[in-house]
Amino acid sequence: SAEGKYTIGISNTVQGNGWREEMVCAMKAQALASGEVAKLNIAHRNTDAAGQLEDIRNLISAKVNAIVVNPADPAGIKAGLEEATKAGIVVVAVDQAVTEPSAYIISNNQEQYAYLGAKWLFQQMGGKGEVFYMRGAAGASADSDRDKGFKKALAEFPDVKVAQEVFTGWQQDQAKQQMLSFLATGTPINGIWTSGIDNVIVDALVESQAPLVPIVGADNAGFVGQLSSVKDLVGAAVTNPGSIGGAGVTLALQILDGKKPAQQTVLVEPQLWENATEEGKAKLKAAADPSLSPEWPVSISIPDWTTYTKEQIVACKGPGE
Amino acid sequence: MSNAATISKPVPIGRRVKRFMADRPLIPLIILLVILVVILQILRPGIVNERWIANTIKFAIPLAILAGCQTMTMLTGGIDLSVGTVATMSAFIMATQVVNQDPAVAFLLAMMPAVLIGLVNGIGVGVFRVHPLIMTLGTSLIGTGCLQVYQRTVIASGAKIPDFLAWLGTGVTYGFPNALLLFVPLAALIVFTLARTGFGRLLYAVGDNERATRLSGVQYWQVITVLYVISSVLAGITGLLYIGLIKAPSLSLAEPLVLPSVAAAVIGGTSIFGGRGGYTGTIIGALILTVLTTLLTILQMPEGARRILFGLIVLFVTAAYLRIVEER
Amino acid sequence: MTTNPLPQSPLLDATGVAKNYGAVAALRNASLSVLPGEVHALMGANGAGKSTLVKILTGAIRADAGRILIRGEARDVRSPAAARRAGLLPVYQEPSLIPDLDVLSNLRLTGTPVEPFRAWVRELGIPDLDIRDTARDIPLAVLRVLDLARALAVEPDVLLLDEMTAALPANLAEKVLEVVRRQGDSGRAVIFISHRFVEISALCDRATVLRDGETVGVVDIVPGVEEKIVELMLGARIVKTHVAARTASQNAATSASRPRLGVRNLRVGTKLNDVSFDLADGEVAGVVALEGQGQDELFAALAGSIRPSGGTIEVDGQPVKFSHPIDAIRAGLAYVPGDRAEALAMQRSVRENIALPFSAALRNWGPIHMRQERTKVISAIERLQIDTRAQGEVQRLSGGNQQKVTIARWIAADARTILCFDPTRGIDVGTKQEIYKLLRELAGHGKSVLFYTSELEEVQRVCDRVIVIFGGRVVDIFRVEEADEPALMRAAYGLPRGAKADVGILADPTSSSSDSTTPGATP
Amino acid sequence: MNHLLRRQGWVAGLFALLIALFIITKLIQPGYGSGDFGSLARAVLPYAFAVAAQTVVVIAGGIDLSVAAMMALTSVTAASMMNGASEEYALFVVPFVLAMGFVLGAVNGILIVVTRVPDIVVTLATLFVLQGAALLVLDAPGGAVAEWLKGLISGTVPIPGLPDAIDAWLPKALLVLIICLCIIWIPLRRSKLGLSIYAIGSSELAAFRSGVPVARTRIIAYALSGLFAAFGGLALTMSTGIGAPIPGPYLLASVAAVVLGGVALGGGKGGLLGPIVAVFVLRLVRTDLTLLAIDPNVTAIIEGAIMVAVVMFGAFITMRSRQS
Ligand SMILES: Nc1ncnc2c1ncn2[C@@H]1O[C@H](COP(=O)(O)OP(=O)(O)OP(=O)(O)O)[C@@H](O)[C@H]1O
Ligand SMILES: Nc1ncnc2c1ncn2[C@@H]1O[C@H](COP(=O)(O)OP(=O)(O)OP(=O)(O)O)[C@@H](O)[C@H]1O
Ligand SMILES: [Mg+2]
Ligand SMILES: [Mg+2]
């Protein structure tokens with residue numbers, strides 16, 4: 001199926017994480033579904049901004065038509081993106097913004113992500129009480145963006161206090177151990193905000209028979225399932241679709257076909273699905289997908305932006321595979 | 001004649017205490033563990049209760065088993081950095097295969113990569129004499145790659161944690177974590193193997209002086225191959241236990257345990273250069289690290305300061321322990 | 001043999017030196033006083049503390065107590081570098097060249113002048129040294145000589161030689177003795193440690209005797225002083241049972257039709273060209289050779305450590321092929337290497353070291369029968385009278401006791417044939433006697449022993465036959481009654497039987513080194 | 001002699017491999033040119049310094065697990081110091097950061113010497129400490145870098161008298177690398193200090209007995225490692241324009257390249273050239289895998305397999321040569 005005309009390069013710097021794997025699969029599936037792509041050239045490994053610069057430059061050497069990149073750091077890869085644009089390559093950043101002005105951005109709004117969830121949580125808590133704040137990886141730019149959103153919501157609820165702030169490193173075992181240790185201290189809390197490491201936290205609460213306080217997580221399949229199945233659990237999943245990768249490919253193809261978007265930046269606003277109201281429950285039910293790997297976000301497609309089927313993204317095959 | 005003279009001399013009490021501890025290296029380690037627990041109790045009164053102890057043990061066990069892999073390989077002067085990958089692989093394969101397969105079949109499938117990687121490690125180190133650090137690093141890269149390829153084929157089928165593993169990993173009976181049912185026999189077996197079997201003797205001897213063992217008729221490659229296979233199988237079992245504990249299969253599940261497992265073995269008094277050490281110390285080392293992690297989680301301080309403190313404490317503990325044990 | 005009666009002030013004067021390793025007192029009250037121009041022997045049984053004293057004097061370890069005066073001044077020798085500055089240069093019992101550096105870099109590292117070094121190396125009997133060779137690739141004996149040459153090249157005031165000659169073949173040992181003698185003559189001092197009385201009496205002026213970490217006497221070396229030294233060394237443990245030279249009547253007259261071990265035209269690379277001999281049950285066969293004549297390869301091939309490139313080895317008449325020492329061990333051939341560091345797991349206990357062969361085979365990897373093992377090990381320990389005070393770790397035993405452990409292992413394993421490579425290297429007289437007795441006893445029980453020795457006088461005491469190897473070939477096989485030292489020496493040099501040749505100061509002490517130049521005179 | 005030949009043979013083999021890879025690259029991507037080579041040089045820069053840092057301590061018989069964390073700390077320090085500061089201020093920042101690396105490296109060495117804890121454990125502990133310190137300096141990626149520093153590693157050096165076609169193949173990054181390494185390594189290699197570093201790696205006991213100040217030499221080796229790591233941290237900041245507190249994948253890469261470069265992990269053997277060539281080889285393999293558009297998940301397998309295969313091959317050769 002090499003009838004497509006474009007070669008698209010992809011650069012991603014986190015490997016082995018469900019969200020990022022879904023993103024890459026969405027890119028592949030969208031490239032296949034579009035029928036416009038002859039070949040994907042994927043640089044996908046664990047590395048830092050300098051390593052991503054290397055990958056981007058390798059993609060420039062490989063003479064791709066467009067590069068879709070999930071930046072390791074917004075500013076750190078500026079030089080590489082600039083070089084790519086100069087070489088006539090269309091650059092699209094997904095998931096996070098970049099500082100290079102010539103690049104197009106289609107991104108999840110991380111600050112809004114945190115704000116939305118935190119605000120809902122604090123409302124559930126009745127505007128007062130103690131919250132356990134489980135962040136992502138210290139020093140990661142997505143984490144600091146989310147921190148901004150969380151702090152913004154916190155400022156709106158002066159009676160909500162942070163009982164404890166921990167970095168989970170986006171690692172499940174660490175998060176679970178932290179939760180259990182915290183529970184053992186007997187400190188009363190009224191809510192838990194997590195940066196997407198959510199299902200193990202629910203497990204920890206259930207296993208230690210601790211009171212189920214309201215909890216906010218991401219739209220990972222496991223957590224979304226728990227929101228419907230675990231008795232007495234009140235919580236909300238904030239969408240953070242990994243399928244943004246597919247949207248990035250679509251945007252790149254549009255630009256290559258000469259349809260430039262009005263602005264350089266397109267933000268995908270997160271949604272919140274909670275199980276406190278009937279309306280929310282219905283949304284959750286519709287979204288739940290127990291057949292997916294629990295680490296995969298359930299929002300496997302983005303309306304208007306992706307055209308592949310569930311089978312295609314799950315198959316995770318790109319053009320020519 | 002001469003030793004009678006040395007013994008009859010009055011020895012100052014401090015020296016005597018030190019010598020007593022030096023002869024029983026476990027005692028200072030246990031004291032250290034108790035000190036950490038006391039600090040924890042002072043910082044958060046009431047934290048040290050039955051539930052906390054059960055939780056601590058639950059998390060210490062997987063670490064202790066992996067640290068057992070390190071202990072045994074370190075005795076021969078090696079190290080096994082592939083344990084994290086192996087544990088992750090068997091956990092992931094178990095969780096994804098059990099969806100469609102009989103649990104026994106899934107178990108066999110899950111242990112297969114463990115045996116394979118152990119075999120490759122063993123042959124690389126034992127036959128080709130590749131440095132263990134490099135060999136196990138290489139196989140762990142390869143294993144991770146394979147796991148990622150595999151992962152794509154099972155996205156559609158999803159994953160499930162077998163009830164038995166969940167029971168073993170998280171369950172508590174009469175206040176005792178069920179994981180002890182697996183760990184106690186396993187630990188006893190490791191201790192016995194090291195102290196009272198020919199294979200255990202050979203591990204120490206090979207790590208001490210390989211040429212000497214060769215002249216005594218020991219075939220290095222056999223010892224090393226069996227060792228790395230055992231290490232891998234233990235890592236695989238840890239993976240199954242760990243998935244029961246965490247209940248969320250991911251592609252980096254057990255990786256965070258690798259460096260701590262090395263640290264636990266070293267804190268427990270096993271020499272990284274081979275020939276010296278034992279498993280009981282390692283178990284305490286794993287407990288110390290687990291308690292330390294809790295302690296640092298409880299403390300309200302910036303993440304940076306927390307890591308600095310962790311590093312300093314690990315260094316201090318190891319140094320103090322060495323001081324005590326070497327004071328003879 | 002000039003004793004030095006002048007009341008000179010000592011160059012080096014150590015008193016009350018003590019050193020404890022935990023419960024083991026390596027030195028308790030050692031003293032040593034060395035005058036300029038003398039070669040001073042430091043003697044003592046294995047484990048008496050000689051090496052420890054040398055290490056303290058040269059800053060390699062710190063003493064717990066004691067006072068060290070150098071030229072009358074109190075000096076605190078904190079490190080080998082400080083000792084070097086104070087004019088004290090040691091050659092330790094173990095080679096101390098950096099294994100991965102070439103010889104030249106080793107010289108630069110210690111700031112040793114190259115030309116004098118080369119001159120000394122030639123003088124010491126190694127004409128063809130390439131100083132670009134990596135130390136690791138150089139044979140042990142040569143390394144020892146290089147160590148000495150390196151020390152000599154900086155013209156130290158006091159040279160401390162710890163069993164310098166123990167690992168040397170006779171030809172190199174002689175050169176060393178000559179050179180050391182001349183050091184004394186030129187007004188410097190040498191502290192000389194050796195267990196060989198011949199060397200002591202040929203070389204030294206006085207001897208300090210240590211026993212159990214204490215100086216028990218200082219004696220002038222005069223003819224006949226050996227008995228006194230032995231008495232001092234051994235104290236209450238004195239052994240009067242000297243094994244006399246063996247006579248033909250004592251030989252186990254074994255002329256079985258089928259030899260225990262048969263070696264036919266054995267070749268190993270370029271080192272061993274054509275060696276054939278038989279070894280019968282109940283026989284001790286000696287091997288005599290100068291350094292590097294192929295004896296190492298012969299033993300290694302018989303032990304299964306290296307593969308021969310030609311010829312056959314027969315055990316009990318059956319041709320065998322060894323690809324690993326385990327094959328040799330299965331065939332009943334056990335190898336005791338000369339270098340104990342090669343044979344022992346130093347951090348493990350005496351028991352584990354002796355029991356090591358028990359667990360070697362795959363089928364013995366299971367649980368150990370502790371009682372059985374203990375009995376076997378203890379009987380081997382008793383048989384060799386190993387001093388097990390520091391048995392927790394073999395590295396804490398003295399050199400001689402370590403050596404005994406290497407042999408005890410095969411006694412415990414009940415090996416039928418023992419290949420001993422210089423087992424008495426660096427062992428005191430008392431222990432040597434025990435080992436001779438042991439080897440004879442083994443032969444008496446029908447075992448066979450192949451015994452390489454660098455000390456020719458041992459041949460008479462132990463062997464039934466002597467195989468002399470030169471240039472990788474068997475040049476002669478003596479029966480013990482024909483094997484007097486001059487005859488063996490001549491054969492070892494490849495000279496035909498009956499030829500008369502002067503082979504150095506040991507063979508003829510009166511004509512010492514008249515024709516050699518003095519390297520000290522070179523610029 | 002024999003040994004020397006063997007070692008040089010390994011480096012020569014690596015060079016041959018590198019050239020073969022260049023040819024393969026040219027075959028895969030006929031358009032591969034000087035600009036792409038410049039990219040390679042820039043990609044190599046931080047790795048090369050990490051590898052140099054590791055090489056020094058490995059030769060001295062140790063290992064340094066804190067290399068990547070040290071790079072992160074020096075990188076964030078430089079980036080945060082230069083943030084909002086004048087261009088000239090960077091003239092002060094660069095030596096400051098280098099000195100910081102040197103001193104922190106020395107602290108590593110001092111801890112190893114004083115506590116007598118095995119190096120692998122001490123540097124594991126300092127890995128956490130340095131990482132923590134980096135997070136205290138900057139809790140998220142950020143900072144800035146002086147433009148002239150960025151310019152130092154981008155583009156090529158016009159050398160008068162040389163045709164442009166050749167100039168184009170001399171990227172500044174490569175020259176910076178060569179100069180920085182040579183200035184330190186060549187005098188070191190020739191000095192007694194350099195010999196001492198090899199000596200303690202080869203046999204600590206023998207070195208001590210040869211009068212080498214073992215403790216001081218070890219501390220200096222770690223200090224030099226810290227210095228090289230600081231260069232690496234600066235290189236990171238120079239190429240990305242920011243400082244990131246989370247260490248990149250330089251630790252494992254440095255160990256792998258050291259071994260591929262023919263430096264024995266036991267110490268005492270090898271040089272700096274081999275590991276640096278090995279870094280180029282590893283980066284070029286990465287480039288080729290990207291150019292070939294190989295399934296990204298398979299690339300991890302290939303990289304691991306290459307590492308294992310090459311080292312096994314090396315071990316095999318040594319075994320053969322020892323047998324003959
Ligand atoms: N590092 C050590 N730890 C414990 N004990 C030691 C250590 N080094 C030496 N000893 C003990 O000190 C005593 C003296 O040892 P030393 O090596 O000085 O003897 P020696 O006279 O040189 O014997 P040999 O003739 O066998 O070489 C021995 O009993 C030995 O066991
Ligand atoms: N596995 C076993 N099988 C049979 N007997 C055993 C076993 N373990 C211990 N014993 C008994 O215990 C006794 C003491 O053995 P042990 O190994 O404890 O000796 P030890 O005093 O520790 O010796 P060492 O000093 O070598 O450590 C043995 O003699 C034996 O009778
Ligand atoms: Mg000695
Ligand atoms: Mg000794």
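The figures here come from the full heavy-atom set of this structure, side chains too, leaving out hydrogens, waters and symmetry mates. All values reported here derive from a predicted model rather than from experimental measurement. Below, chains carry the letters A, B, ... as their sequence lines are ordered, and counting in each starts from 1.
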Which answer fits D/L291, side chain, backbone, both or neither, if we ask what part of it has an atom under 4.5 Å from a heavy atom of chain A?
-> both

Which distance, rounded to the nearest 0.5 Å, do you find between the CG of D/D288 and the CG of A/N58?
-> 8.5 Å

Value for CD1 (D/I28) from OG (A/S61), rounded to nearest 0.5 Å, stands at 11.5 Å

Is it the side chain or the backbone of A/E83 that comes within 4.5 Å of chain D heavy atoms, both, or neither?
-> side chain

Part of A/L53 within contact of chain D (heavy atom distance under 4.5 Å) | side chain

Are the charged groups of D/R286 and A/E54 less than 4.0 angstrom apart, N to O?
-> no

Which one, D/A140, D/A43, D/S39, D/P141, leads in non-hydrogen pairs under 4.5 Å with chain A?
-> D/P141

If you count heavy-atom pairs under 4.5 Å between each of A/G9, A/A138, A/S144 and chain D, which one has the most?
-> A/A138

To the nearest 0.5 angstrom, please state how far the CG atom of A/D55 sits from the CG atom of D/L289.
-> 10.5 Å

Would you name the heavy atoms of A/A49 and D/T240 that are closest together and state the gap between them?
-> CB-CG2, 3.7 Å

Measure the CD1-CD1 distance between D/I294 and A/I42 for me, rounded to the nearest 0.5 Å.
-> 12.0 Å

Minimal heavy-atom distance between A/G51 and D/Y250, with the atoms involved, is N-OH, 4.4 Å

Contacting region of A/K78 [heavy-atom separation from chain D under 4.5 Å] | neither

Bottom line for D/R42: the part with an atom under 4.5 Å from chain A's heavy atoms is side chain

Quick one: closest heavy-atom pair of A/A62 and D/Q29, and the distance?
-> CA-OE1, 3.8 Å

Atom group of D/D139 that falls short of 4.5 Å from chain A, counting heavy atoms | backbone

For A/I10, is it the side chain, the backbone, both or neither that has a heavy atom under 4.5 Å from a heavy atom of chain D?
-> neither

D/I246 and A/D48, any side-chain heavy atoms less than 4.5 Å apart | no

Applying a strict 4.5 Å limit to non-hydrogen atoms, the region of A/D73 in contact with chain D is side chain

Pick from D/P249, D/A134, D/P247 with the largest number of heavy-atom pairs that fall under 4.5 Å of chain A | D/P249

